[in-house]
Amino acid sequence: MTEPAPNDLPHRYSGAYANRLEEAWQARLEAEGAFRQPNPGEPGFDPSRPKFYCLDMFPYPSGAGLHVGHPEGYTATDIICRYKRMKGFNVLHPMGWDAFGLPAEQYAIATGVHPEVTTTKAIDTFRRQLKRFGFCYDWSRELATIDPGYYRWTQWIWLQAYGSWFDPALRKARPIAELEATLAREDRAIETAAGPRRWSACSRLERQAHLDRHRLAYLGEQTVNWCPKLGTVLANEEVIDGRSERGGHPVLRMPLKQWMFRITAYADRLLEDLALVDWPESTKTLQAEWIGRSEGAEVRFALDDGSGESLEVFTTRPDTIFGATYMVVAPEHPLVARAVARSGDPRLAAYVEAARNRADVDRQQSKEKTGCPTGLHAVNPATGGRIPIWTADYVLMGYGTGAIMAVPAHDERDFEFARAFDLPIVQVVEVPGTPFTGEQANSGEGTAVRSASAATGLSIDGLATAPAKAAVIAWLEARRLGARRTNYRLRDWLFSRQRYWGEPFPIVYDAEGLHHPVSASALPVALPPLADYSPIESDSPQPPLAKAADWARTTAGAAGVDPAVLPPDAPVVRETNTMPGWAGSCWYYLRYCSPRAIDRFVDAGAERYWMLSRRRSAGAGPAPDRFDPATCHAGGVDLYVGGAEHAVLHLLYARFWHKMLFDLGLVSTPEPMGRLFHQGMITSFAYQRRDKSLVAVDLVEERSDGTFVEKATGEAVTQIAAKMSKSLRNVVNPDDVIAEHGADTFRLYEMYMGPLEASKPWNTRDIVGVFRFLQRTWRLAIDERTGEPLGAATADPAIEKLLHRTIAKVGEDIERLAFNTAIAALIELVNAATRPTGMTDPTRGGMTRDQLERLARILWPFAPHVADEIAARLGATGGLHRAAWPSFDPAMLVEDEVEIPVQVQGKLRARIKVPAKASAAEIEAIALGDPQVVPHLGGRPPKKVIVVPGRMVNVVT
RNA sequence: GCCGGUGUGGCGGAACUGGCAGACGCGACGGAUUCAAAAUCCGUUGCCCCGGAAGGGGCGUGCAGGUUCGAUUCCUGUCACCGGCACCA
C-alpha cells in the first residue's frame, strides 16, 4: 500500500479543512451563546470577577463590505478579550453600526431607494463578514444608530443639553430650570434688546431669549457656504474659487440659523482632563492644539472720531503695546461696514466685497498680504498716539474679537503687512541673542524697551516679557481699558445638517417662530419617509425634510409638545435640519451597557458596573458605587481601539457629551475612555515611476532579479506602500483570503505583520508563513491520516521549559498589545516541538497531550477555531471559552547556565558559558582565561574589566 | 512654515531599562518527495575580503558628529518619507 502524498491526507489542515472546522465552531458557539456577557443581577452573572470593557470603534457599514483595515483593530481587541476572559474577567465586548451618513443618502438621491434599505443590507453584509472571523462579540448587545430605539435616546440626550446651561462658578452644567429659578428668586437684571431690566419686569419673550442664550444646545447664526443648485451646505474644502468642487456651481456665503453646542464652555475641562487618561501623547497633543488655549489680554482702543466708541482687540503680547503702530479689523467686522458707509472710498467697498465672497480656505491659500485703510483712527492707550485702522483678510472674524493691534516689529504677519503698506515699525522688545535689524520681525521674549510714556503714565522699560505682560494688564485693568483674557481656537460645534439621513431634532417652532422641545415621553421623533430624496434647489437653504410637508406642519399635540408649554391644537412647524453623523457615535459606548433598556438611555446599575472602576494603584477594595478621584479611573472604557483619523473630532465630541452627562449626574465617570489605542493603517503595494507618478499593480511585473517594470513601457518602477484604492487596483478583500486559508490564518497574518500601531503593507505572499505555522501546529497534535490526537508518552524537559517560557512571554506580550512578537514566540515553540511529515511515533519528538492542551489554550486568543478543535480532539470538553489561561512556573524561566559575550575594546571576541548565578569575579576569571580572548589582550593585564552578571563582559586594555 | 511620527538584510519586522544587531516570517538558493509541476518537508541565507577547506578578518541600524568601557537605544546637527495643522494675534 502506498502512502498518500501529505496534501491528500484526509485530515490535513488545508484551507478548505480550516473553513469547515471554523464554520462548525462558529455555529456551535453561537447556538450556545458562548460569548453572551450577563449584566449584574442577570442569571449567570459572576460578581466575584473584575470587569473589563473593551471597545472597538464601530464601523460605518458601507455597501462595499469589509476591507482588510477593519479586522485589524477588531482582531487585536478580540485577542485581548479572550485573554482577559481566560484570566477571569467579566468582559464587555460589543459591536454595532454607525449607520446614519452621507453615502446611503447619496445613493438614495441617485436611485430613489430609501437609505434604510441600503443601510440594512450593508449591515447584514458586515455582520456576516465579522461573524466569519469568529470575533467574540456579545452579539446580543448589537445596536445601530438608526434604530428608533437608539436614536430616541440620542434625541433625549440632545434635549438634556437643550435643557441645561454651563454655570461658570461651579464649572459644570446644570439644569436651565435652576438658572431660571435663581433669576426669579433674586430678581436679577438681565440684558434685553432694550437694555438691562429686572427679571420681574421682563416679558415672556425677553426671559426666553435670555435663557436661550445660556443653553448648551442653542440656536446660533453661522456663515455657511450654501450652494443653491446642490441644495446643500458645503464644507470649506468643498468650495473652490467660490464654486462647488462637485459640479462647479456658484456658492453663496450666507448667515444661517442652526443648532449649536456650547462646547467652548468645556474648553478648559476638556484640556485639563487629558491628564487623567492613558491615551497616545500625539492624540492628546492634537486635542490640546485643537482646543488652542492662549492667554493674554483684551484691550480697548478708543476711536478718535469723537464718537466715544472703542475697538476691542485680543493679544497674547500686551507687553508689546508700545509697538502697536496700527490696527487691523477683519473685513466682516461691524466697524468696517460703518467705515464703508462713511468714507465712500470705492476701493474700501470693493475690498470688503471681494473678501466676503472668498471662502476661508481660499483666503488662506495665498499668504500675500492684502488690505485697505478704513479711514478710521484709534488712540493707542499706552502711548496716547493716533494710529490708523486698516481692514485686511489676514485677520479672521472668528477668532478673538476679529480685530488686532498690529505690532510689526514683533509679529511676522504684522511685519509683512507693514512692509507691504509702508507702515511704521517700532522695536519695543530687546531679544537676547537676536538683535532687531528691521529685516524681519522678532517674536521672541526679552526685555521691554522704548516702553514708557509720560503722557499716559505707563512704563515697563527694563521689565522681562512675563512681568511686563502682568504690569500692562494691571495698568489696563486699573483704568478699565482692558482685562486679562483667555482665548480658544475651539469654536462652538455646528450641529445642524441640511440632510435627510440623520436624527431629526426633537424641536418645533410655534407661529411666532419660537422653539419648543418635544417632551421626552413623545420620543423618538421618527424620520419620515420621502418619495424623493434629492435636495431642494433654492436660494434660501431648505433641508430635504421640508419636502415632508405633512410631517413638518403639524400641531403641538401631535408633535408631542408638553401641553404646559403649548396648547395641543397650536400649529407648529418641526425642525427640518437633522443631526450630523457624529451624533450617534457620541454615546454608543454607554448604550452597550444595557442596549435594550426602554425607560432610560442606559440602565444606571449597568452603566456603573461597566464604566466605574478602581485604579490598581489605589489598592484592593470593593467595587466603587460613585466616582472618587482619589481611587477611581477617570475613564470608563478600559480599552478603546480605533484609527487615529478620529483623534480629534469624534473623541473630542464624545468627551464633551460625556462630561455634560457627568455634570447632570447621568453617568459615573468624568471621561468616557480610560485607555485609547490607535491601530495603524494597512496599506498595499503600488508602484512609482521615476517622476513619482503611481502605477496600478496589474500594470507592473516583477522580474526574476526582484526589480519591477511597467509592462507597457518596460520602464523600471519602484515598489512603495500606498493606501488601498480602486484606482491602484490593490484592494484586498477579506472574504477571498478566508476562502483560501481560513479566518484563523487571516487573523494571525494581520497580527503578525508588525506592531499594531504601525502602518504596514499587506503582502499576500507572506500569508503562507502563518498558514504553514497552523499546519505544523495541527500536525503536531493531530494524526493527519486518522484525525486522531497524537501525544508523546513522556515530556521532553527542554520542551516543557520552553512551554513555560512561551506561556509567560505570550501573556506579557498580549498585555502590551505586542501580538507580532507573541505569535513569533508561539512559532518558535511549535518549531522546536515539530515532528516531520508522517512521523507519528509518539516516542520521538512532539509534545504530550497535556502540553498540547496548554499550547491550544495560549493559541486560542489568536487562532480560536483551530485551537478549539485541537483541544476538543485531545478530549477537552465545553470549548476553550470556559478554560483558564495556563499557569507557568517562574523557576522554569531561569536558566542554570547562560552564554554571555566577551568584548575586548567593545568588539565581540568570544562567548563563554557561565553558571547563571556566577559572581562578577568568577565571570571575569573565566573571561580572561578564555583562549579566544587571551590573544587580544596583548599580554598585558587589562586596564579595566566591566562585568554585568548574566549579561556581558567588556575588557579595556 | 509649525507640530508629531518613522528610517534596521532583497521584503515585513525583532532587540522590553545603554549590554551578543538581524528573533520570527516571506523571498532567494540547495536538497528530499514527485513521471512532472504545484503543495509540503529539510538545510543555507546581512554585506565585503582572505582561505581548497576547517576557519579567520573587516564593515554594518538614513547621514555627520558627541557622550560612554560599550549606542539601533541618550544628546546635537542634518537628510528623506508619512501623518496632522496651517495668517488663531
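The sequence lines fix the lettering, A, B, ..., with proteins before strands; numbering per chain opens at 1. We use all heavy atoms of the structure for the numbers below, so side chains are in, but hydrogens, waters and symmetry mates are not.
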Participant: On a whole-Å scale, what distance lies between the C1' atoms belonging to C69(B) and G12(B)?
Facilitator: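 That atom pair is separated by 35 Å.
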
Participant: Counting only side-chain heavy atoms from C-beta out, which of G25(B), G19(B), U40(B) sits nearest to V768(A)?
Facilitator: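 Selected nucleotide (nearest to the side chain): U40(B).
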
Participant: Ignoring backbone atoms, test whether N763(A) places a side-chain nitrogen or oxygen under 4.0 Å from the OP1 or OP2 oxygen of G25(B).
Facilitator: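 So the side chain of N763(A) is outside the cut-off, no N or O lying under 4.0 Å from OP1 or OP2 of G25(B).
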
Participant: Can you find a heavy atom in the side chain of W290(A) that is under 4.5 Å from one in the side chain of R489(A)?
Facilitator: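 A side-chain contact under 4.5 Å exists here.
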
Participant: Using the six-membered ring wherever Trp is involved, compare the ring planes of F771(A) and H741(A) and label them parallel, tilted or perpendicular (cut-offs 30° and 60°).
Facilitator: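 If you compare the ring of F771(A) with that of H741(A), the planes turn out tilted.
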
Participant: Expressed as a whole number of angstroms, how long is the span from L774(A):CG to U40(B):P?
Facilitator: 13 Å

Participant: Which one, G13(B), G19(B), C24(B), comes nearest to the side chain of E828(A)?
Facilitator: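 Looking only at heavy atoms from C-beta outward on E828(A), the closest nucleotide is C24(B).
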
Participant: How far does the P atom of G22(B) sit from the matching atom of U44(B), given to the nearest Å?
Facilitator: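 Each nucleotide's P atom is 15 Å from the other's.
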
Participant: Please confirm whether the shortest side-chain N or O distance from S294(A) to OP1 or OP2 of A89(B) is below 4.0 Å.
Facilitator: yes

Participant: Is the shortest side-chain N/O distance from N820(A) to OP1 or OP2 of C24(B) below 4.0 Å?
Facilitator: no

Participant: Could you work out the separation of G19(B) and U73(B) based on their P atoms and round it to a whole Å?
Facilitator: 11 Å

Participant: Ignoring hydrogens and angles, answer whether the base of C69(B) and the side-chain atoms of N954(A) contain a donor-acceptor pair closer than 3.5 Å.
Facilitator: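 Indeed, a donor on one side and an acceptor on the other fall under 3.5 Å apart.
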
Participant: Hey, does the Lys NZ or Arg CZ of K369(A) hover above the aromatic six-ring of F417(A), less than 6.0 Å from the centre and inside 45° of the axis?
Facilitator: no

Participant: Among C26(B), C85(B), G19(B), find the nucleotide with the atom closest to the side chain of R765(A).
Facilitator: C26(B)

Participant: Using a heavy-atom cut-off of under 4.0 Å over every strand shown, decide if F314(A) touches base, sugar-phosphate, or nothing.
Facilitator: sugar-phosphate

Participant: Taking the side chain of R12(A) as its heavy atoms from C-beta onward, which of U40(B), C69(B), G19(B) lies nearest to it?
Facilitator: U40(B)

Participant: For the side chain of I827(A), counting heavy atoms from C-beta on, which of G58(B), C26(B), G25(B) is nearest?
Facilitator: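 The listed nucleotide nearest to I827(A)'s side chain is G25(B).
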
Participant: Taking the side chain as every heavy atom from C-beta outward, state whether L756(A) and H678(A) have any pair of such atoms under 4.5 Å apart.
Facilitator: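 A side-chain contact is absent here, since even the closest heavy-atom pair is not under 4.5 Å.
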
Participant: Given that I767(A) and Y749(A) both sit by RNA chain B, which one's nearest nucleotide is further toward the 5' end?
Facilitator: Y749(A)

Participant: Is it the case that the base of C87(B) and the side chain of K369(A) share a donor-acceptor contact (distance under 3.5 Å, atom types as modelled)?
Facilitator: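 Yes.
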
Participant: Here's a test of your reading of the structure: between S282(A) and L908(A), which maps to the more 5' nucleotide of RNA chain B?
Facilitator: S282(A)

Participant: With a 4.5 Å limit on heavy-atom distance, are the side chains of I807(A) and L803(A) in contact?
Facilitator: yes

Participant: Which of these nucleotides, C87(B), C85(B), A14(B), is closest to any side-chain atom of W290(A)?
Facilitator: C85(B)

Participant: Does C85(B) have its OP1 or OP2 closer than 4.0 Å to a side-chain nitrogen or oxygen of R489(A)?
Facilitator: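 No, R489(A) has no side-chain N/O under 4.0 Å of OP1/OP2 on C85(B).
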
Participant: Please find the pair of heavy atoms, one from I823(A) and one from M751(A), that lie closest to each other, and give the distance.
Facilitator: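 It is CD1-CB, 3.6 Å.
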
Participant: Measuring only the C1' atom in each nucleotide, how far is A21(B) from A15(B)? A whole number of Å is fine.
Facilitator: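 Rounded to whole Å, the distance is 7 Å.
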
Participant: With rounding to whole Å, what would you report as the distance between U78(B) and G84(B) at their P atoms?
Facilitator: 25 Å

Participant: Can you tell which of G84(B), G58(B), G19(B) lies closest to the side chain of L286(A)?
Facilitator: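 Given the options G84(B), G58(B), G19(B), the side chain of L286(A) is closest to G84(B).
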
Participant: When the P atoms of G57(B) and G43(B) are compared, how many Å lie between them, rounded to an integer?
Facilitator: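 Result for the P pair: 28 Å, nearest Å.
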
Participant: Look at the side chain of T285(A) and decide which nucleotide, out of C3(B), G13(B), G19(B), has an atom nearest to it.
Facilitator: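 From the listed options, C3(B) comes nearest.
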
Participant: I want to check one thing: is the phosphate of A89(B), taken as OP1 and OP2, less than 4.0 Å away from some side-chain N or O of Y399(A)?
Facilitator: yes

Participant: Determine, step by step, whether W762(A) and F685(A) satisfy the ring pair (Phe, Tyr, Trp, His ring centres under 6.0 Å) criterion, reporting the C-alpha distance in whole Å, the side-chain angles of both residues, the deciding distance to 0.1 Å, and the verdict.
Facilitator: CA-CA 7 Å; W762(A) 180 277; F685(A) 288 126; over 10 Å; no

Participant: Considering only G19(B), C69(B), G12(B), which nucleotide approaches the side chain of P761(A) most closely?
Facilitator: G12(B)

Participant: Can you check whether R772(A) has a side-chain N or O nearer than 4.0 Å to OP1 or OP2 of G27(B)?
Facilitator: yes

Participant: From the list U40(B), G13(B), C3(B), which nucleotide is the closest neighbour of the side chain of P755(A)?
Facilitator: G13(B)

Participant: Could you tell me how far C11(B) sits from G46(B) if I compare only their C1' atoms? Round to whole Å.
Facilitator: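 The answer is 13 Å between these two C1' atoms.
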
Participant: Considering only atom P, compute the distance from U68(B) to C75(B) and round it to an integer number of Å.
Facilitator: 16 Å

